[in-house]
There are 2 protein chains.
Amino acid sequence: MNVTGHQRRPASIRDVATAAGVSYQTVSRVINDHPSVKAATRERVLAAIDELGFRRSATALALARGRSRAVTVLTADTTHYGYASILQGIEEAARAASHTVGIGVLESAAETAVAAVVQRAADTGGGVIVIAYDPAGVRALNAVPAGLPVVGVVETPAGPPTGDRPWVWTDDREAAYEATRYLLSLGHETVHYVAIPSGARRTGARSAGWREALREAGAPQPRALRGGWSPADGHAAGRRLAADPVVTAILCGNDDLALGVLRALHEAGRSVPGEVSVTGFDDAPHAAHLTPSLTTVRLDFTGLGRSAFALLHGMLEESAQSAPYPVAAPELVVRESSGVAPARD
Amino acid sequence: MNVTGHQRRPASIRDVATAAGVSYQTVSRVINDHPSVKAATRERVLAAIDELGFRRSATALALARGRSRAVTVLTADTTHYGYASILQGIEEAARAASHTVGIGVLESAAETAVAAVVQRAADTGGGVIVIAYDPAGVRALNAVPAGLPVVGVVETPAGPPTGDRPWVWTDDREAAYEATRYLLSLGHETVHYVAIPSGARRTGARSAGWREALREAGAPQPRALRGGWSPADGHAAGRRLAADPVVTAILCGNDDLALGVLRALHEAGRSVPGEVSVTGFDDAPHAAHLTPSLTTVRLDFTGLGRSAFALLHGMLEESAQSAPYPVAAPELVVRESSGVAPARD
DNA sequence: GCCCCTAGTGTGACCGGTCACACTTCTGCT
DNA sequence: AGCAGAAGTGTGACCGGTCACACTAGGGGC
């Protein structure tokens with residue numbers, strides 16, 4: 001193999017062809033494993049390929065073939081555990097289908113910035129997967145131009161997906177409902193909720209599940225606290241809750257929020273789970289190793305990612321009508337941070 | 001604008017040209033803001049573009065122009081906070097330079113799998129950034145074929161980078177050195193270390209900094225405990241350390257390990273920082289909100305990512321000799337998990 | 001009136017692959 | 001011997017843009 005790393009432009013199939021003394025089409029046949037090439041010829045071509053260090057250009061391939069075996073993932077933040085896991089699931093599935101994964105971060109809430117990122121994804125060709133749990137993601141999903149294949153990863157939707165813009169989700173509404181019922185079953189009079197920023201203008205799915213469980217049980221329905229995503233947001237919300245002696249059970253929209261809440265309760269001298277029970281969402285790796293370890297809801301993020309890709313893949317290539325990838329149902333994981341309600345005065 | 005989402009193939013510049021009654025070259029001039037186009041003509045072309053919903057194909061552009069304004073990031077895990085932050089930094093800088101960011105995950109340790117991922121990145125064209133803190137990443141970096149522009153994000157290297165394969169790093173060696181000195185200054189006889197899996201066959205940079213500080217102070221040099229990346233790994237290592245009454249100070253290779261160590265110490269009934277001081281690495285968002293809050297070293301991951309891209313960008317386009325992006329020096333952040341050594345018997 | 005220069009536009013080839021089809025051989029059958 | 005069909009190979013056009021260059025029309029200097 002040619003190791004002289006000289007900057008000269010990479011070899012094309014025509015270079016290989018001349019080197020091997022055949023036509024470019026024959027080279028094309030060899031690299032595509034076409035059967036009708038004489039063994040001897042194939043040998044010569046392969047030798048030339050090796051000699052020249054030829055690699056088939058994915059760009060030219062995409063142009064010639066029509067479509068591009070590429071997926072772009074749009075997300076507000078790569079750092080968030082859930083998002084990162086979804087991304088990883090997508091990449092895994094995409095790799096298996098020999099697709100390429102691109103990424104666009106929607107960091108700022110600026111409308112124009114989101115539009116620009118979406119544009120770039122659209123230009124790249126292939127399909128788009130939007131992680132649309134938060135406002136930025138939802139905006140991005142809406143900004144995707146019609147006709148471009150796209151799949152949204154969303155909170156449990158209220159209705160069925162609109163025709164050309166399919167969704168994928170785990171039933172976090174049901175999960176929030178279950179988690180709330182669990183806390184109520186421990187004797188808590190009601191459950192307070194620290195919310196993640198919801199994507200929809202209306203209240204999010206987790207929030208809805210929580211509220212439904214309270215209503216069903218005839219429990220008081222406090223207002224949800226608008227949190228963010230981070231431990232710092234949880235800490236801020238936790239301080240408000242810690243100051244209220246009525247609060248004995250807190251459901252948090254994710255584990256990071258719960259972490260901050262735990263900290264705030266600690267600072268206020270309220271013991272967990274003795275005086276207050278805390279529950280998270282997601283089952284991030286650290287949840288099990290906090291002190292106290294965190295009761296939370298395990299979500300199958302990577303499965304969700306794989307599923308999103310499978311769906312998109314089916315849209316891109318009608319041949320590959322890949323069956324919907326199975327996503328594990330959310331599962332309540334009970335640990336130390338939740339317990340029976342303290343005796344009421 | 002054409003909203004009939006019919007599946008028909010997207011409009012090309014020739015379609016626009018016929019619609020506007022000009023040549024394809026004129027369309028090309030318009031979309032490239034070439035000055036010498038009559039205003040009236042430009043108007044007509046722009047109208048046609050809007051009418052047909054034309055979008056310039058990034059694929060064709062890349063093919064025609066030669067190079068591709070694309071970067072692929074190779075990482076072992078998108079979930080890890082440090083890695084995710086680096087990725088985010090890269091994406092930010094790439095977007096500013098209107099480059100596209102691809103991602104490849106090196107999950108499994110299988111040699112062949114790594115090679116395959118690298119291959120795919122190479123075929124995509126453009127440059128590659130490899131996050132090479134761990135064995136999989138280092139393998140990937142080595143597997144990158146010669147001639148392909150690549151930048152590695154690495155631990156503090158022992159020597160200068162080899163010619164064609166530049167590196168980028170924060171001085172985590174120095175940071176580990178400082179953190180260790182800090183712990184020693186609190187009166188601890190020595191400091192134990194829970195290591196992240198090092199990339200190099202030799203011991204990693206953080207480990208080296210730690211050891212150097214101990215040697216300099218004439219302190220006993222215990223063996224480093226081989227941890228992993230996760231809280232569970234930290235927990236396992238922490239249990240071993242908790243059982244040893246001699247241990248009063250623990251430096252951890254990252255915050256997740258520290259989290260697990262904290263938990264293990266708690267389970268063993270050893271108080272932090274009363275009996276044992278614990279220090280992390282990275283300053284992940286949760287470090288400040290743990291109980292006790294975690295003393296750690298803040299690393300500028302996003303800056304590192306931006307810097308890696310800037311370097312690669314300079315390699316791809318000799319014009320853009322972008323000055324090396326500034327990366328903030330590591331900074332020790334003292335919180336509750338560290339304190340003066342307990343009085344010795 | 002001639003020429004030169006510039007503004008504005010069009011033509012052909014090319015990037016690196018693929019596809020559709022035409023062209024040679026060789027083999028096997030009548 | 002003659003011919004059909006398959007195996008093996010080559011030619012031209014195309015994907016959607018760009019580049020280099022040629023061309024036309026209009027304005028100013030002589």
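Values in this document were obtained by computation on a predicted structure and should not be read as measured data.
- Here B:Thr41 lies in heavy-atom contact (under 4.0 Å) with sugar-phosphate atoms only.
- Over its length, the helix from C:dG1-D:dC30 to C:dT30-D:dA1 turns its helix axis by 60°, as judged from the five terminal pairs at each end, rounded to 10°.
- By the 4.5 Å heavy-atom criterion applied to side chains, A:Thr75 and A:Leu87 are not counted as neighbours.
- Residues B:Ser98 and B:Arg69 have side chains in contact (heavy-atom distance under 4.5 Å, counting atoms from C-beta outward).
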side-chain contact (heavy atoms from CB on, under 4.5 Å) assessment of A:Asp15 paired with A:Arg9: CA-CA 11 Å; A:Asp15 299 331; A:Arg9 124 179 108 60; 3.4 Å; yes

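- Between the NZ atom of A:Lys38 and the C1' atom of D:dT9 there is a distance of 10 Å, given to the nearest Å.
- At the heavy-atom level, A:Leu61 lies under 4.0 Å from the strands shown only through sugar-phosphate atoms.
- Annotation: side chain of B:Thr59 is not in contact with side chain of A:Arg65 (no heavy-atom distance under 4.5 Å).
- Among the heavy atoms of the strands lying under 4.0 Å from A:Arg55 are primed sugar atoms or P, OP1, OP2 only; no base atom is included.
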Candidate pair A:Tyr81 and B:Thr79, rule side-chain contact (heavy atoms from CB on, under 4.5 Å), full reasoning: CA-CA 6 Å; A:Tyr81 171 71; B:Thr79 276; 3.8 Å; yes

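- Within the 4.0 angstrom heavy-atom criterion, only backbone atoms of the sugar-phosphate kind lie near A:Arg56; the bases stay farther away.
- At the heavy-atom level, A:Ile13 lies under 4.0 Å from base atoms of the strands shown.
- For DNA chain C, the contact window with chain B, defined by any atom under 4.0 Å from a protein heavy atom, covers C:dG8 to C:dG16 in 5' to 3' order.
- Between A:His80 and A:Tyr133, the ring centre distance reaches or exceeds 6.0 Å.
- Of the residues in residues 20-32 of chain A, those with a non-hydrogen atom less than 4.0 angstrom from any atom of DNA chain D are A:Val22, A:Ser23, A:Tyr24, A:Gln25, A:Thr26, A:Arg29.
- Heavy-atom distances to DNA chain C give each of B:Ser36 and B:Ala60 a nearest nucleotide, and the one nearer the 5′ end belongs to B:Ser36.
- The shortest distance between side-chain heavy atoms of B:Asn32 and B:Arg56 falls below 4.5 Å.
- In terms of heavy-atom proximity, A:Val37 sits nearest to A:Arg29 at CG2-CB, 3.7 Å.
- Across all non-hydrogen atoms, the minimal contact from A:Glu91 to B:Val105 is OE2-N, 3.1 Å.
- Put simply, the side chain of A:Thr78 does not reach to within 4.5 Å of the side chain of B:Thr78, judged on heavy atoms.
- Proximity of A:Val138 to A:Pro135: side-chain heavy atoms (C-beta onward) are nowhere separated by under 4.5 Å.
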